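First comes the structure, then the notes that go with it.
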Amino acid sequence: MNTDTTTHRVWRVGADIDTDALAPGAYMKFGIDEIARHCLQRVRPDFAGQVQPGDVLVAGPNFGIGSSREQAAAALVRLGVAAVIAPSFNGLYFRNAFNVGLLLLTCSQAETLVEGEGITFDPVAGRIQRPGGTPAELHCEIVPGFLLDMVQAGGLLNLLKQRQTS
């Protein structure tokens, strides 16, 4: 995964977003399409209906706390979210996200990003560019190559299938 020159629109949520907000328990008996339609409805009722493929979700600390439900990351993938940017992530959520092909960028300055602004990012170099924003560049943790491979493949299972046929 090289430098991404696509501009991504920022959606903001606060700190401590739990997996029940991302994949509400009332919809867990349904498939991922239905779960995704209700993603973040408690904190951002407009999100699932208006997010566009390639948009990014920016959060405060402790994103993905709560249960270990994989659907909490899969719902964002289904909605086309390009990445989640936050100062910190729950460990189980972090692993589940990469397993389903969702890019997470750990950035201590994530909360300086503004709702609706356009950004680009380079997970290999660990930087987020924000034309017109202050600061113009944010630094994030570099994402290891094996995790980027999972994102590029669309998740761990897809990566393993690719490697098996190669």
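All figures in this text were calculated on a predicted structure; none of them were measured in a lab.
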- Which residues satisfy the side chain to side chain contact (heavy atoms under 4.5 Å, CB included) test with L92, sequence neighbours excluded?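 With neighbours one apart ignored, the set is S68, N90.
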- With D55 via side chain to side chain contact (heavy atoms under 4.5 Å, CB included) - residues at least two apart: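 Counting only residues at least two positions away or on another chain, D55 forms a side chain to side chain contact (heavy atoms under 4.5 Å, CB included) with R9, W11, V51, Q52.
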Within-4.5 Å side-chain heavy-atom neighbours: [X] and [Y]:
X: F98; Y: L148; answer: no
X: V151; Y: L102; answer: no
X: C39; Y: L22; answer: yes
X: F121; Y: L138; answer: no
X: P135; Y: Q109; answer: yes
X: N99; Y: M150; answer: yes
X: L40; Y: I17; answer: yes

Quick one: pull up [atom1] in [X] and [atom2] in [Y] and give me the separation to the nearest 0.5 Å.
X: I32; Y: R37; atom1: CD1; atom2: CZ; value: 10.5 Å
X: H8; Y: I128; atom1: NE2; atom2: CD1; value: 10.5 Å
X: Q129; Y: E137; atom1: CD; atom2: CD; value: 4.0 Å
X: R44; Y: Q50; atom1: CZ; atom2: CD; value: 8.0 Å
X: F146; Y: L159; atom1: CZ; atom2: CG; value: 11.0 Å
X: L105; Y: I142; atom1: CG; atom2: CD1; value: 11.5 Å

Could you give all pairs that pass the salt bridge (Lys or Arg N to Asp or Glu O under 4.0 Å) test and reach [range], with sequence neighbours left out?
range: residues 152-166; answer: D149-R163
range: residues 98-111; answer: none
range: residues 99-108; answer: none

Is [X] reaching over with its side chain to a backbone N or O of [Y], donor-acceptor style, under 3.5 angstrom?
X: T19; Y: S67; value: yes
X: R130; Y: T112; value: yes
X: N62; Y: I65; value: no

- Is R69 paired with D18 through a side-chain N to carboxylate O contact shorter than 4.0 Å?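 Here D18 does not pair with R69 in a salt bridge, since their nearest N and O are not under 4.0 Å apart.
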- Lys/Arg-Asp/Glu bridge criterion (N-O < 4.0 Å) met for E117, R12: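 Between R12 and E117 there is no salt bridge, as every charged N stays at least 4.0 Å from the carboxylate O atoms.
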- Query: Which heavy atom of G25 sits nearest a heavy atom of D20, and at what distance?
  - Reply: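 Shortest heavy-atom contact: N-OD1, 2.8 Å.
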- Message: Please verify the inter-ring angle class for Y93 with F89; under 30° counts as parallel, over 60° as perpendicular, anything in between as tilted.
- Response: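 Taking F89 first and then Y93, their aromatic rings lie parallel (interplane angle under 30°).
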Side-chain polar contacts of residues 70-86 - donor-acceptor pairs under 3.5 angstrom, sequence neighbours left out - could you list them?
unit_1: R78; atom_1: NE; unit_2: D33; atom_2: OD1; d: 3.2

